[in-house]
**Q** 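Would you mind keeping the following structure in view while I ask a few things?
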Amino acid sequence: MVANPAASVRGPKSVIKQGKTPVLTQGEAQALFAAIDTSTIACLRDRALIGVMVYSFARIGAVLGMNVEDYCQRGNRWWLRLHEKGGKHHEVPVHHKAEEYLDAYLQAAGIAGQKNQPLFRSIGARRLLTCRRLVPRDALAMIKRRAKDANLGDEVCCHTFRATGITNYLENGGTIEKAQQIANHESPRTTKLYDRTNDQVSLDEIERIQI
């Protein structure tokens with residue numbers, strides 16, 4: 001044949017309507033925070049890091065790229081300056097719980113005056129804070145440990161907290177448009193991938209089976 005007669009035929013377009021990132025319920029997220037012992041600097045750092053991701057819908061890279069000065073006060077409110085891809089910055093107001101976690105961490109670490117130094121740092125051999133920026137690989141390992149301690153399984157990842165924050169926000173009356181703005185997504189369709197508000201509906205329907 002000179003030409004393929006089926007070349008112009010196209011199959012149905014595959015449309016992904018929901019992401020695969022595991023999402024925590026409100027109770028599970030609260031249990032995770034409650035399971036973090038706050039008696040050490042490592043624990044306070046971990047709680048603050050997870051809190052920032054949950055309450056600002058932030059990517060792990062954007063949070064780890066922050067310096068101390070990127071947690072700043074403007075008038076009566078505190079703000080986060082997240083370091084996004086391509087050298088861009090995204091600013092969001094700080095939720096009161098994230099503010100509580102960050103303040104406790106900074107006070108214990110004694111780094112509030114080190115404005116141009118990393119906000120979230122690695123822990124050294126003596127379990128003390130170093131001057132080195134925490135890297136995503138070590139942040140993920142920490143999150144896996146924290147999830148295990150809270151009996152949340154081994155599928156929890158860094159993106160879980162972005163998806164958990166967005167889902168909880170929408171469950172409590174937030175809109176996709178505002179969630180998109182907070183998460184700094186280019187398209188509301190991207191934000192919708194993180195929306196798992198229908199998961200509980202599906203579970204409730206499954207539980208109707210009375211065998």
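Side chains included, hydrogens not; waters and symmetry mates left out as well; all remaining heavy atoms used.
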**Q** Within a strict 4.5 Å, meaning less than it, do heavy atoms of the H159 and R162 side chains meet?
**A** yes

**Q** Is the backbone N or O of V135 less than 3.5 Å from a side-chain atom of D138, with the two atoms forming a donor-acceptor pair by type?
**A** no

**Q** Look at the side-chain heavy atoms of Ile, Leu, Val, Met, Phe, Trp and Tyr, link any pair under 4.5 Å apart, and say whether W79 and V52 land in one connected group.
**A** no

**Q** Could you check whether any side-chain N or O of R47 sits under 3.5 Å from a backbone N or O of A42, counting only pairs where one atom can act as donor and the other as acceptor?
**A** no

**Q** Would you kindly say whether T191 and H185 are connected by a side-chain donor-acceptor distance under 3.5 Å?
**A** yes

**Q** Check whether any side-chain heavy atom of D70 sits under 4.5 Å from a side-chain heavy atom of L82, and report yes or no.
**A** no

**Q** For residues I182 and H90, report the shortest heavy-atom separation together with the two atoms involved.
**A** O-NE2, 2.8 Å

**Q** Just say parallel, tilted or perpendicular for the rings of Y55 and H95, cut-offs at 30° and 60°.
**A** parallel

**Q** If only atom types and distance count, is the side chain of N168 paired as donor or acceptor with the main-chain N or O of T164 below 3.5 Å?
**A** no

**Q** With a 6.0 Å cut-off on ring centres, are F57 and F161 close enough?
**A** no

**Q** Under the criterion side chain to side chain contact (heavy atoms under 4.5 Å, CB included), I'd like the reasoning laid out for L119 against L49: C-alpha separation, chi angles, the key distance, then a yes or no.
**A** CA-CA 9 Å; L119 176 58; L49 174 58; over 6 Å; no

**Q** Is the shortest side-chain heavy-atom distance between I50 and Y101 below 4.5 Å?
**A** no

**Q** A side-chain contact here means heavy atoms from C-beta on lying under 4.5 Å apart; do N184 and E84 qualify?
**A** yes

**Q** Between OG of S122 and CG of L128, what distance do you get to the nearest 0.5 Å?
**A** 11.0 Å

**Q** When the ring planes of Y105 and F120 are compared, do they come out parallel, tilted or perpendicular, using 30° and 60° as the limits?
**A** parallel

**Q** Of the non-hydrogen atoms in I143 and C158, which two are nearest, and what is the gap between them?
**A** CD1-SG, 3.6 Å

**Q** Taking all atoms of both residues into account, what is the closest heavy-atom pair of A163 and T21, and its distance?
**A** CB-CG2, 4.2 Å

**Q** Minimum heavy-atom separation for A147 and G153, please, with both atom names.
**A** CB-O, 3.9 Å

**Q** If I compare all heavy atoms of P118 with all of I111, which pair ends up nearest, and what's the gap?
**A** O-CD1, 4.4 Å

**Q** Just verifying a value: how many Å separate T40 OG1 and I123 CD1, rounded to the nearest 0.5 Å?
**A** 7.5 Å

**Q** Would D46 and R146 pass as an ion pair if we require N to O under 4.0 Å?
**A** yes

**Q** With the side chain counted from C-beta on, respond yes when R121 and R45 share a heavy-atom pair under 4.5 Å apart, and no when they do not.
**A** no

**Q** Grab the two heavy atoms, one from A183 and one from I166, that are nearest each other, plus how far apart they are.
**A** CB-CD1, 4.2 Å

**Q** Taking atom CZ of R145 and atom CD1 of I36, what is their separation to the nearest 0.5 Å?
**A** 11.0 Å

**Q** So, the side chain of T38 versus the backbone of L44: is there a donor-acceptor pair under 3.5 Å, distance only?
**A** no

**Q** For a side-chain hydrogen bond (donor to acceptor under 3.5 Å, both in side chains) check, start with the C-alpha distance between Q117 and R132, then their side-chain angles and the critical distance, and finish with the verdict.
**A** CA-CA 9 Å; Q117 297 300 308; R132 298 187 301 272; over 6 Å; no

**Q** Can a donor-acceptor pair be found between the side chains of Y71 and D103 at a distance below 3.5 Å?
**A** yes

**Q** Is it true that a side-chain atom of D37 and a backbone atom of S39 form a donor plus acceptor pair closer than 3.5 Å?
**A** yes

**Q** What do the steps show when you test R74 against E91 for salt bridge (Lys or Arg N to Asp or Glu O under 4.0 Å), and what is the final call?
**A** CA-CA 12 Å; R74 295 178 187 171; E91 298 185 349; 2.8 Å; yes

**Q** Count I, L, V, M, F, W, Y as connected when their side-chain heavy atoms are under 4.5 Å apart, and connections chain through other members. Are V63 and I41 then in the same cluster?
**A** yes

**Q** Sub-3.5 Å donor-acceptor pair from the side chain of K192 to the main-chain atoms of I176, do we have one?
**A** no

**Q** Considering residues, nucleotides and ligands other than D154, do more than 12 of their heavy atoms fall under 6.0 Å from its CG?
**A** no

**Q** Is atom CZ of R127 surrounded by more than 12 heavy atoms (other residues, nucleotides or ligands) closer than 6.0 Å?
**A** no

**Q** Could you check whether atom CD of E186 has more than 12 heavy atoms from other residues, nucleotides or ligands sitting under 6.0 Å from it?
**A** no

**Q** Tell me whether E155 at atom CD has more than 12 heavy atoms from other residues, nucleotides or ligands lying less than 6.0 Å away.
**A** no

**Q** With a 4.5 Å cut-off on side-chain heavy atoms, are L64 and H83 touching?
**A** no

**Q** With heavy-atom distances below 4.5 Å as the criterion, would you say the side chains of L102 and L80 are in contact?
**A** yes

